[in-house]
Protein chains: 2
Amino acid sequence: MTGIRPRPPAKDLRRPELDELDERIVGILADDGRITNADLAATLDVAPSTAHARMRSLVDRGVITGFHASVDQELLGRGLQAIVGVTLRPGARHDSIVAFADEVRRLPQVLQLFFIGGSDDFLVHIAVEGASDVRQFVVEHLSAQRYVATTRTSIIFEYHRNAVAAPFR
Amino acid sequence: MTGIRPRPPAKDLRRPELDELDERIVGILADDGRITNADLAATLDVAPSTAHARMRSLVDRGVITGFHASVDQELLGRGLQAIVGVTLRPGARHDSIVAFADEVRRLPQVLQLFFIGGSDDFLVHIAVEGASDVRQFVVEHLSAQRYVATTRTSIIFEYHRNAVAAPFR
DNA sequence: AGTGAAACTTATTCCGT
DNA sequence: ACGGAATAAGTTTCACT
């Protein structure tokens, strides 16, 4: 048996404490993840070596979790996007739900998956070619699944993104 | 007077026609937008100059719309995310709605904004520090607005992203 | 369209402050 | 932590297949 620990020895594994320069760097890279370090430094009005060290630190500390190309889904042949709200059957076991969600998450049509509290259990953001593909996706991968109670599909007319959030659990 | 044209001269302003190599490049850059061209070429098993020309073409054709750093919102001091469904009052004029949505979109807490059809009129994906900030955001920027009829807030427990979609109207 | 090699630009390290 | 200068690595162009 272990004794009580009066206080964890103030040892935060990672505690970033972003200063103003860090925040500016995050903002610039969120907007243009491929800006050259020289341009980044010029924008910040610091030396390239400083900009570089700061950026590395942000990546190392996990503040910046990655860099990603954003893709025009329409030009990829997926001109229609939708959000599908899904409610699950009350009886489903937790690990069954996790396994099911994991499968949904891997489908190529799925852009994002949100597990939420409230009337729906999760939201799926998909991109497909046309209206019949929306229906097919919902029927095949959601409604027909044994853990799914209901679905509610909303077509997306317009989409804006200010930031790319890191996935989390 | 001009004669009839038996067929429009096959001149689509932009018709990408992605081949298999293009699609692989898009996939790789969607996952790692900062991979070096040398590594990209090695992965594709083509010469660096080829990989480079293909990538440039994808950007020029608008298939790839940008590169963005993804950011851990929690480490930025926004450890709580939510989706807020908003319904608008029936009577609102269209340009008033556009102006209102535009304001919402610019708020620093807003990660994404979806205009949708169905029971809600739009969905706002936000990241804030804590529960009280969710409430404050909804009350201040949504419920109190004259065009808003109802809101429905759902806390996000888990979030997965497979791709970064380009904004669109 | 794809390639290899040259020319150029940028990232990265290191050391001094 | 920051900056300057040297080095290493990468990008970009181009003549040729």
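In what follows, every chain begins at residue 1, and chains take the letters A, B, ... in the order their sequences are listed.
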From CD of A:Glu20 over to P of D:dA1, roughly how many Å is that when rounded to an integer? 15 Å
Length of the CG-P vector between A:Leu44 and D:dA1, whole Å: 16 Å
Restricting both atoms to N or O, compile the protein contacts to nucleotides 10-13 of chain C shorter than 3.5 Å, with distance only.
unit_1, atom_1, unit_2, atom_2, d
C:dA11, OP1, A:Asn37, N, 2.8
C:dA11, OP2, A:Asn37, N, 2.8
C:dA11, OP2, A:Ala38, N, 3.2
C:dT12, OP2, A:His52, NE2, 2.6
C:dT12, O5', A:His52, NE2, 3.4

Take the angle between the ring planes of B:His160 and A:Phe115 and call it parallel below 30°, perpendicular above 60°, tilted in between. perpendicular
Can you tell whether the side chains of B:Arg61 and B:Asp22 come within less than 4.0 Å, N to carboxylate O? yes
Checking side chain to side chain contact (heavy atoms under 4.5 Å, CB included) for the pair A:Val26/A:Arg54: CA distance, chi angles, key distance, verdict? CA-CA 10 Å; A:Val26 168; A:Arg54 286 289 191 133; over 6 Å; no
Using whole Å, report how far CG of B:Leu40 lies from C1' of D:dT12. 15 Å
Using a 4.5 Å side-chain heavy-atom cut-off and chaining through intermediate ILVMFWY residues, the residues clustered with A:Ile116 come out as A:Ile83, A:Phe114, A:Leu123, A:Ile156, A:Tyr159, A:Phe168, B:Ile83, B:Phe114, B:Ile116, B:Leu123, B:Ile156, B:Tyr159, B:Phe168
Take atom CG of B:Leu29 and atom C1' of D:dT11, then tell me their distance rounded to the nearest Å. 14 Å
Decide whether A:Leu58 and A:Leu21 are clustered together by the hydrophobic rule: side chain heavy atoms of Ile, Leu, Val, Met, Phe, Trp, Tyr closer than 4.5 Å, transitively. yes
Quick one: pull up CE in B:Met55 and CD1 in B:Ile35 and give me the separation to the nearest 0.5 Å. 11.0 Å
